[in-house]
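Throughout, residue positions are numbered sequentially from 1 according to the sequence presented. These numbers come from a predicted model, not from an experiment.
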Amino acid sequence: MTKGNSTKITDELYRYVLDHNPPLDEVQRGLVATTYEKFPDVAGMQSAEEQGPLLAFLVRLTGARHIVEIGTFTGFSTLSMAQALPADGRIVACDVSREWTAYGREAWEAAGVADRIDLRIAPALETLRAMPQEPHIDMAYVDADKESQIAYWEELVPRLRPGGLIVTDNTLFHGTVLDEAATGSAAGVRAYNEHVAADTRMESVLLAISDGLTLSRKR
């Protein structure tokens, strides 16, 4: 195996990356700061700062109008995608926490995109299974409990339009995907990665962005 890129992402280089990406706006920046202030022990569940502009870019690139998000937390990723949607676009945002998502609601209102977001407080599988079964989803973002990801995938893929995109976060899971004896969430990510790579309905690439990001396009 030949490794083509040996660039190490130092703190200084990471700052350079952020400085050369679209900057977060005032509402996005405020939500990121609030998340770290209110939930310091779990703030790592928030999508990385550079992923906000990337998700927005993918929404515009795919022309998405109907998005499903599995795992909303405090709503930074939701906000980033909603701001990139056309006025008639919609995101179904799935989470189980009213406490966390309350901060998202405030930010969505402040950014003027709350009408584009349908927040559903319920287990995501219940929400997905209640959706029409025909292909109608343009893009999905999966960033929730790792042991359920294959089940989410199997509900999303049939409902995804041809050419539609599934974006999955944390697919390197802090490097624990290398551990063949992994258990719990790490084992769930390992199994998910194998499942995704073997699914001939989709074409997928796993990228070393943040904690691993997999892009999967329906054939």
For Ile91, the rest of its hydrophobic cluster, which grows through side-chain links under 4.5 angstrom: Leu54, Leu55, Phe57, Leu58, Val59, Leu61, Ile67, Met81, Leu85, Met139, Tyr141, Leu165, Val167, Val205, Leu207, Ile209, Leu213, Leu215
Side-chain heavy atoms of Pro23 within contact of Leu18, under 4.5 Å: no
Nearest non-hydrogen partners of Val27 and Ala111, listed with the distance: CG1-CB, 4.1 Å
Whether Trp153 and Tyr192 hold their rings parallel, tilted or perpendicular, with breakpoints at 30° and 60°: perpendicular
Close side-chain approach of Asp143 and Ser77, heavy atoms under 4.5 Å: no
Chi angles and distances behind the side chain to side chain contact (heavy atoms under 4.5 Å, CB included) call for Leu119, Thr78: CA-CA 10 Å; Leu119 177 63; Thr78 330; over 6 Å; no
Results of ring-ring contact (aromatic ring centres under 6.0 Å, His included) for Phe76 - residues two or more places apart only: none
Joint hydrophobic cluster, Ile70 plus Val157, side-chain heavy atoms closer than 4.5 Å: yes
Salt bridge (charged side-chain N to carboxylate O under 4.0 Å, His left out) contacts in which one or both residues fall within residues 155-170, not counting sequence neighbours: Arg129-Glu155, Asp138-Arg161, Glu155-Arg159
Show me the donor-acceptor pairs within less than 3.5 Å that the side chains of residues 37-45 make with the rest of the protein, sequence neighbours left out.
none

Pairs involving residues 107-118, ordered by first then second residue, that meet salt bridge (charged side-chain N to carboxylate O under 4.0 Å, His left out) (sequence neighbours left out): Asp118-Arg120
Non-hydrogen side-chain atoms of Met202 and Val196 separated by less than 4.5 Å: no
Within 6.0 Å of CD in Glu134, more than 12 heavy atoms from elsewhere: yes
Pair Glu50, Tyr14: side-chain N/O donor-acceptor within cut-off below 3.5 Å: yes
Option from Thr35, Thr101, Thr34 for which side-chain hydrogen bond (donor to acceptor under 3.5 Å, both in side chains) with Thr74 holds: Thr35
Which atom of Val177 lies closest to which atom of Thr171, heavy atoms considered: CG1-O, 3.6 Å
Pair listing, salt bridge (charged side-chain N to carboxylate O under 4.0 Å, His left out) test, anchored in residues 80-101, at least two apart: Arg65-Asp88
Salt bridge (Lys or Arg N to Asp or Glu O under 4.0 Å) involving Asp19 - partner list, sequence neighbours excluded: Arg15
Under the ring-ring contact (aromatic ring centres under 6.0 Å, His included) test, residues paired with Tyr16 that sit two or more places apart: His20
Minimum-distance pair of heavy atoms, taken over all atoms of Pro158 and Pro135: O-CG, 3.6 Å
Cluster link Trp108 to Val92, ILVMFWY, side chain under 4.5 Å: no
By ring-ring contact (aromatic ring centres under 6.0 Å, His included) - contacts of His174 (at least two apart): none
Joint cluster assignment, Ile121 & Ile117, ILVMFWY side-chain distance < 4.5 Å: yes
Pro162 vs Arg219 side-chain heavy atoms within contact, under 4.5 Å: no
Minimum heavy-atom distance Pro86-Ala64, with the two atoms named: CD-O, 3.7 Å
same_hphob_cluster(Phe73, Val96) at 4.5 Å side-chain heavy-atom cutoff: no
Inter-residue atom distance Glu49.CD - Asn21.CG, 0.5 Å rounding: 9.0 Å
Over all atoms of both residues, closest heavy-atom pair of Ala208 and Leu172: CA-CD1, 4.2 Å
N/O donor-acceptor pair under 3.5 Å between Asp145 side chain and Glu147 backbone: no
Listed once per pair and sorted, the salt bridge (charged side-chain N to carboxylate O under 4.0 Å, His left out) pairs that draw on residues 189-205, sequence neighbours left out: Glu154-Arg201, Asp199-Arg201, Glu203-Arg217
Side chain to side chain donor-acceptor pair (under 3.5 Å) against Gln83, all qualifying residues, sequence neighbours excluded: Asp25, Gln28
Residues forming a salt bridge (Lys or Arg N to Asp or Glu O under 4.0 Å) with Lys218, sequence neighbours excluded: none
Verify same cluster id: Ile166, Val189 (apolar side-chain graph, 4.5 Å): no
Value rounded to 0.5 Å, distance of CG in Leu13 from OG1 in Thr10: 5.0 Å
Ser204 to Ser216 - nearest heavy-atom pair and separation: OG-OG, 2.8 Å
From Thr72 atom OG1 to Trp100 atom CH2, the distance as rounded to the nearest 0.5 Å: 11.0 Å
Modelled atom types, side-chain donor and acceptor of Thr168 and Gln149, under 3.5 Å: no
